[in-house]
J.: 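Below is one structure. I have some questions about it.
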Amino acid sequence: MKALIIAAAAALLLSGCGAVAVPGGNAGSDPPSPSEELIGQGTVISDGDGMARLCLGAVMESYPPQCSGPEIIGWDWTAVDQSETAAGVTWGTYAVQGTWDGTAFTLTQPPVPLALYDPPATIDPRTDPANPGAGSEAQLEALQQELAGAEPGGVLMSWVENGYLFITVEYDDGTLQSTYDARYGPDIVAVQSALRPVGQ
């Protein structure tokens, strides 16, 4: 499945065996306050004169690429560098900063091409072998398939690593993590947000 994910997704997501990617997705929790700015990395793509979309999950390695995601409000291809156009589709990989209402992302700062972006180091402590989760490989793989089938389109990517089932969603303020902890027990599912508060 990793062969289907371009470098932009790889830069955003931790890699691991058994990754399952689902284009699109909106699982998570209530959107943050409109005044809270978030930052994310991914492919921005638009077809013809259509709206630009932010692909935070998997991107198919076709030419032009194919992916889906929320609309980006305020996007202007003439104002950004390092984009490419083929067959009427324009795309590029960027770090974007703005606000999120649960369905659309509104830019508040100029986007930065990922080739020029130097993100802060963010290492999830749950990937540390000294801090393993409580799940067995078989249990987590079964849960991975269960959640992929039960929440189609809600999970951007999932993979099994270090005793956890890692799940990436567009945004979670901790509500989804608490839900999974209550449902499956602590140290089983590790939720990550593709959109994170600026500075994290």
Side-chain angles (χ1 to χ4, degrees), residues 5-15 21-47 49-60 64-85 89-127 153-158 166-177 190-200:
I5 306 169
I6 66 170
L12 170 65
L13 302 170
L14 297 170
S15 61
V22 181
N26 55 14
S29 54
D30 292 335
S33 163
S35 62
E36 181 178 12
E37 294 201 3
L38 306 176
I39 194 163
Q41 303 172 54
T43 295
V44 177
I45 192 167
S46 62
D47 189 349
D49 296 328
M51 66 184 70
R53 294 190 174 276
L54 174 60
C55 302
L56 295 167
V59 179
M60 303 297 293
Q66 301 176 60
C67 63
S68 61
E71 176 184 0
I72 305 181
I73 298 173
W75 189 268
D76 180 3
W77 285 112
T78 66
V80 298
D81 296 323
Q82 301 189 18
S83 65
E84 187 172 355
T85 301
V89 176
T90 302
W91 73 96
T93 57
Y94 301 91
V96 295
Q97 180 173 328
T99 58
W100 170 247
D101 66 4
T103 58
F105 189 87
T106 300
L107 290 176
T108 58
Q109 297 292 331
V112 179
L114 282 187
L116 304 177
Y117 182 62
D118 185 18
T122 55
I123 301 175
D124 192 321
R126 295 170 293 190
T127 63
V155 176
L156 296 172
M157 172 168 282
S158 67
F166 283 86
I167 290 179
T168 301
V169 297
E170 287 171 347
Y171 175 78
D172 179 41
D173 64 357
T175 302
L176 185 62
Q177 180 68 72
V191 179
Q192 296 183 331
S193 290
L195 298 173
R196 302 181 180 184
V198 174
Q200 285 192 7

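Because only heavy atoms are used, hydrogens play no part in the values below, and waters and symmetry mates are left out as well, while side chains stay in.
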J.: Is it the case that the side chain of Y94 and the backbone of D81 share a donor-acceptor pair, with hydrogens and angles ignored and the cut-off at 3.5 Å?
T.: yes
J.: Drop me the distance from I73's CD1 to T103's OG1, to the nearest 0.5 angstrom.
T.: 7.5 Å
J.: Are D124 and Q192 linked by a side-chain donor-acceptor pair shorter than 3.5 Å?
T.: yes
J.: Can you tell me how far the CG atom of L176 sits from the CD1 atom of I167, to the nearest 0.5 Å?
T.: 7.0 Å
J.: Residues in side-chain hydrogen bond (donor to acceptor under 3.5 Å, both in side chains) with E84, at least two apart?
T.: Y63
J.: Hey, are the side chains of S83 and W91 touching, using non-hydrogen atoms and a 4.5 Å cut-off?
T.: no
J.: What about the rings of W75 and F105, do their centers lie closer together than 6.0 Å?
T.: no
J.: Give me the atom names and distance for the closest heavy-atom approach of P111 to V80.
T.: CG-CG1, 3.4 Å
J.: Return yes when atom CD1 of I123 has more than 12 non-hydrogen atoms of other residues, nucleotides or ligands closer than 6.0 Å, and no otherwise.
T.: no
J.: Scan side-chain atoms only and decide if R53 and T43 contain a donor-acceptor pair under the 3.5 Å cut-off.
T.: no
J.: What residues, two or more places apart in sequence or in another chain, satisfy side-chain hydrogen bond (donor to acceptor under 3.5 Å, both in side chains) together with T85?
T.: T90
J.: If you take all heavy atoms of I45 and P65, which pair is closest and at what distance?
T.: CD1-O, 3.4 Å
J.: May I have the step-by-step check of side-chain contact (heavy atoms from CB on, under 4.5 Å) for V96 and L107, ending in yes or no?
T.: CA-CA 7 Å; V96 295; L107 290 176; 3.9 Å; yes
J.: Under 3.5 Å, is there a donor-acceptor pair between the S46 and W77 side chains?
T.: yes
J.: How far does CG of L54 sit from CG of L56, to the nearest 0.5 angstrom?
T.: 4.0 Å
J.: What distance do T99 atom OG1 and L38 atom CG have between them, rounded to the nearest 0.5 Å?
T.: 8.0 Å
J.: Could you tell me whether a side-chain N or O of D101 sits under 3.5 Å from a main-chain N or O of A104, the two making a donor and an acceptor?
T.: yes
J.: Tell me if a side-chain donor or acceptor on R196 pairs with a main-chain N or O of Y171 at a distance below 3.5 Å.
T.: no
J.: Not counting sequence neighbours, which residues clear side-chain hydrogen bond (donor to acceptor under 3.5 Å, both in side chains) with Q97? List them please.
T.: E37
J.: About how many Å separate CE of M157 and CZ of F166, when rounded to the nearest 0.5 Å?
T.: 13.5 Å
J.: Ignoring hydrogens, what is the shortest heavy-atom contact between L156 and A194? Give both atom names and the distance.
T.: CD1-CB, 3.9 Å
J.: Just how far is it from atom OG of S193 to atom CD of Q177, taken to the nearest 0.5 Å?
T.: 9.5 Å
